[in-house]
2 protein chains.
Amino acid sequence: MRRKEGNKEADILAAAIRIFARDGFHQAKILHIAEAADVSVGTVYLYFENKNHLLRKIFESLWDSLLTRSEALVNDPSLDPLQKIDGIVDVVFDSFSQNPSLGAVFQKDMHLVQRPEHPRFGDYLNRFMRLGEKILREGQSRGIFHPETDARVTVTFIFGGLRFSINQWTLNPVPENLELFRAGVKRLLRGGLSLV
Amino acid sequence: MRRKEGNKEADILAAAIRIFARDGFHQAKILHIAEAADVSVGTVYLYFENKNHLLRKIFESLWDSLLTRSEALVNDPSLDPLQKIDGIVDVVFDSFSQNPSLGAVFQKDMHLVQRPEHPRFGDYLNRFMRLGEKILREGQSRGIFHPETDARVTVTFIFGGLRFSINQWTLNPVPENLELFRAGVKRLLRGGLSLV
DNA sequence: ATTAAAAATGAATACAAATTCAGCTATAAT
DNA sequence: ATTATAGCTGAATTTGTATTCATTTTTAAT
């Protein structure tokens with residue numbers, strides 16, 4: 001028998017993230033992913049059924065990580081709602097800080113898996129949104145958030161803002177800039193623009 | 001000679017927006033666009049060089065409209081910075097209220113034209129962002145916006161939030177929901193989440 | 001009525017790239 | 001040393017669809 005050397009599955013997945021980030025899913029060529037992973041084209045198909053599965057795997061593990069961390073945060077009774085909002089911002093930024101390419105894929109290609117034929121991915125997003133809404137409603141019922149805030153609308157806006165911010169950061173992914181985004185977003189969410 | 005009947009160019013463009021919105025640019029078939037526009041495949045190529053040009057035309061006219069209206073708003077001396085922020089929100093929502101499909105394309109396919117080989121589209125986005133930053137800095141120098149707000153970061157977040165909000169609205173594009181988004185976003189931007 | 005040429009058609013073509021698979025390679029077991 | 005077989009390769013195949021263009025249709029002018 002022959003033994004597998006290294007971890008080709010992980011190498012291919014990491015390469016796919018880089019190539020999808022650079023070229024976008026549909027422009028990305030399997031040959032380029034194979035080259036970036038230092039394997040042959042055929043090997044990509046030994047580990048992944050096809051190109052679409054590659055993308056789905058990327059989003060599955062991303063959502064798993066985002067949801068696991070966010071759920072822990074939301075259910076932590078030692079945190080107040082404002083700390084939970086900051087925590088969600090941290091969860092999202094920290095999920096991409098070590099892998100800017102993943103952030104670019106998250107922005108550019110999420111809609112490719114979010115289709116009626118793959119309800120799983122719609123569920124992921126809904127679960128994430130519901131966590132956000134839960135924080136907002138908790139803050140409202142405790143009297144520390146504006147009562148007239150529409151939770152659904154606000155969470156949608158925040159999700160879009162975070163996602164695009166991450167994508168813009170990936171254009172020049174230096175850690176200092178991510179910290180600027182992190183602080184700026186928290187500031188805006190807490191207090192808004194207006195001084196009064 | 002034969003005379004053109006109707007306005008096929010406009011019909012094709014409108015059909016392309018619908019099909020791109022439904023299927024995404026790369027999944028969309030020229031045949032489906034032709035059918036939706038009630039013309040033949042060949043006719044699409046009489047009016048547009050190729051599929052990419054179709055997408056570029058959509059974004060060109062969208063950006064022209066967004067920038068023209070936003071520039072007028074930002075340069076209106078009768079408005080204070082907070083009114084200008086509300087105005088930008090209105091400009092964006094109003095640009096899609098009559099055509100939800102355009103909103104879906106704006107979210108899903110913008111990155112396809114935003115590439116180094118088409119600097120024009122990078123410029124459009126930059127111009128739009130600079131208008132937003134101008135409003136924020138004006139508000140800060142007038143002492144009505146938080147001085148520690150980072151204009152670039154904040155504008156990026158707002159842009160992403162608006163774009164994703166529009167896209168979520170297009171999933172169920174009833175006017176009442178758009179008004180919920182409009183009011184909710186303005187509320188959040190003005191005062192943030194926290195009551196204190 | 002006939003004609004000229006613009007407008008429109010859609011079957012045929014071209015082509016890019018995803019996917020396959022027959023053959024090759026490396027290694028664990030004997 | 002030999003063998004069996006899992007792991008890997010990449011040229012050849014298949015597939016899907018964008019694009020072309022020879023042909024047909026329409027209508028304005030004569």
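Just so we're on the same page: letters track the sequence lines, and every chain starts at 1.
Which of dA8(C), dA18(D), dA17(C) sits closest to the side chain of Ile30(B) comes down to dA18(D). When the nucleotides dT19(D), dT9(C), dC8(D) are ranked by their closest atom to the side chain of Lys8(A), dC8(D) comes out on top. Among the nucleotides dT19(D), dT17(D), dA18(C), the one closest to any side-chain atom of Lys29(B) is dT17(D). Distances were taken from every side-chain heavy atom of Val41(A) (C-beta onward) to each of dT9(C), dT20(C), dT19(D); the shortest belongs to dT20(C).
The NE2-P distance, from His26(A) to dT17(D), rounds to 10 Å in whole Å. In this structure, CD1 of Ile33(A) is placed 10 Å from P of dT19(C), rounded to the nearest angstrom. Atom NZ in Lys51(A) sits roughly 17 Å away from atom C1' in dT20(C) (whole-Å rounding). Asn52(A) has its CG atom 13 Å from the C1' atom of dT19(C), to the nearest Å. When the C1' atom of dA18(D) is taken as reference, atom CD1 of Ile19(B) falls 16 Å away, rounded to whole Å. Between the C1' atom of dT9(D) and the CD1 atom of Ile12(A) lies a distance of 13 Å, rounded to the nearest Å. One can place CG of Leu46(B) at 11 Å from P of dT20(D), the figure rounded to the nearest angstrom. For the pair Lys4(A) NZ and dT5(D) P, the interatomic distance rounds to 18 Å; values are reported in whole Å.
No contact: Ala34(B) has no heavy atom under 4.0 Å from any strand. Backbone-only contact: Tyr47(A) has heavy atoms under 4.0 Å from sugar-phosphate atoms and none from a base. Leu31(B) comes within 4.0 angstrom of nothing in the nucleic acid, heavy atoms only.
In this structure, CG on Leu136(A) lies 9.5 Å from CG on Asp150(A), to the nearest 0.5 angstrom. In this structure, Asp109(A) CG and Phe59(A) CZ are separated by 6.0 Å, a value rounded to the nearest 0.5 Å.
Taking the six-membered ring where tryptophan is involved, the planes of Trp63(A) and Tyr124(A) are essentially parallel, since the angle between them stays under 30° and well short of 60°.
One finds a side-chain N or O of Tyr45(B) lying less than 4.0 angstrom from the OP1 or OP2 phosphate oxygen of dT19(D). Residue Thr43(A) has no polar side-chain atom (N or O) positioned under 4.0 Å from OP1 or OP2 of dC8(D).
Ranked by how close their nearest DNA chain D nucleotide is to the 5' end, Arg2(B) and Gln27(B) are led by Gln27(B).
Using a 4.0 Å cut-off between charged nitrogen and carboxylate oxygen, Lys134(B) and Glu138(B) do not count as a salt-bridge pair. A salt bridge does not link Arg130(B) with Glu133(B): every distance from a Lys NZ or Arg NE/NH1/NH2 to an Asp or Glu carboxylate oxygen is 4.0 Å or more.
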